[in-house]
Structure formats: structure tokens, C-alpha cells
Amino acid sequence: MMLRFNVGGKVGDRVDLIRKKKWPWRLDVLPFAVLYAIWMVTIVPSIDIVDALIVLGGLVSIHVLTLLFTALSIDFKCFVQYRFCVSVNDMYAADSCEVTPAKFSGSKEVVPLHIRQQIVFSGK
């Protein structure tokens, strides 16, 4: 369950509050760091260097495809690089929002969220 605001207007359909994951915990970094480490520890010592480089080429190509797919798909980018805010207390922890437009009104976008502090003036 995520913190979602259903707008239901002519231009916008809904807004999901999201928060950027820390850099090492993103799904386009951590799994590939583990795979590169496994490649270095197990593959390189056990087979010929040319075959190990072929395996490395496969890993790099999958990594590049993952990075390209995050540029092409907003849903995949949100899955890989962001986490959804799930409670009302997390609303102020959100730093971005995923805006889903109404049908035939544009495409999804991830936009930065700027929360301003309200200043309360005392009536003197």
C-alpha cells in the first residue's frame, strides 16, 4: 500500500509520493555489484580469461540494458530507484512524486517535491 492521492481531474489522474533510495540500495547498483564480485571471485580463477571476459560482457550488457530501461520506463525507474511512501508520517519524508495523467493527457513523470514550511504569524 502506498500513499496515493487520486485527483480524478481532466488533466491529472493520481499522484504517488515516492522517496529516492540511497545510492547503494538501488536495484541498478546492488545486484550488479554482487554479480561483479561473484564474477571476480568464482569465474575469473576457474576458466580461461577470454571466456571470463565473455561472461563479463554479458553482465555489462544486462547492466546497460537495465540503465537504459530506467530511462525509457517511468514505472521501471520508480521500481528500481525509488521507494513508495506508505504512511501519513512518511508524507513529509517524500522527495518526489510520480504524476499519472488522465487518459490522452500526456505521459507519466517523476517530479521533485518541494515542501515549504508554513510560517505562523502571531497577531500583534
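Linking Ile, Leu, Val, Met, Phe, Trp and Tyr whenever their side-chain heavy atoms come within less than 4.5 Å puts I74 and Y82 in one cluster. M40 and V60 fall within the same hydrophobic cluster, defined by Ile, Leu, Val, Met, Phe, Trp and Tyr side-chain heavy atoms under 4.5 Å apart, directly or through other members. A single hydrophobic cluster is seen to contain both V64 and W39, as judged by linkage of ILVMFWY side chains at heavy-atom distances under 4.5 Å, directly or through other members. Linking ILVMFWY residues whenever their side-chain heavy atoms come closer than 4.5 Å, directly or via other members, leaves L65 and L35 in distinct clusters. Residues L59 and L68 fall within the same hydrophobic cluster, defined by Ile, Leu, Val, Met, Phe, Trp and Tyr side chains chained together at heavy-atom separations under 4.5 Å.
Distance CZ/F79 to OG1/T70: 12.5 Å, rounded to 0.5 Å. One distance of note links CZ of R83 with NZ of K22; it measures 8.5 Å at 0.5 Å rounding.
Of all non-hydrogen atoms in E98 and D75, the two that sit nearest each other are OE2-OD1, 3.2 Å. For Q81 against D28, the heavy-atom pair with the smallest separation is NE2-OD2, 3.5 Å. Smallest separation of non-hydrogen atoms from S96 and V110: CB-CG1, 4.1 Å. When all heavy atoms of G106 and P101 are compared, the closest pair comes out as O-CG, 3.4 Å.
The side chain to side chain contact (heavy atoms under 4.5 Å, CB included) test with I47 is passed by exactly one of V44, D51, V50: D51.
Here the side chain of S46 pairs a donor or acceptor atom with the backbone of I43 at under 3.5 angstrom. The main-chain N or O of G57 is found under 3.5 Å from a side-chain atom of S61 such that the two form a donor-acceptor pair.
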With side chain to side chain contact (heavy atoms under 4.5 Å, CB included) as the test, would you mind laying out the steps for L27 and K21 before giving the verdict? CA-CA 9 Å; L27 294 178; K21 290 179 183 177; 3.9 Å; yes
Residues V80, F69; criterion side chain to side chain contact (heavy atoms under 4.5 Å, CB included); working and verdict: CA-CA 10 Å; V80 169; F69 201 57; over 6 Å; no
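Under the 30°/60° scheme for interplanar angles, the aromatic rings of H63 and Y36 are found to be tilted.
Looking at heavy atoms from C-beta onward, I18 lies in side-chain contact with C78 at the 4.5 angstrom threshold.
L113 pairs by the side-chain contact (heavy atoms from CB on, under 4.5 Å) definition with L17, A94, C97, I115, not counting sequence neighbours.
Between R14 and D16, at least one side-chain nitrogen of the basic residue sits less than 4.0 Å from a carboxylate oxygen of the acidic one, meeting the salt-bridge criterion.
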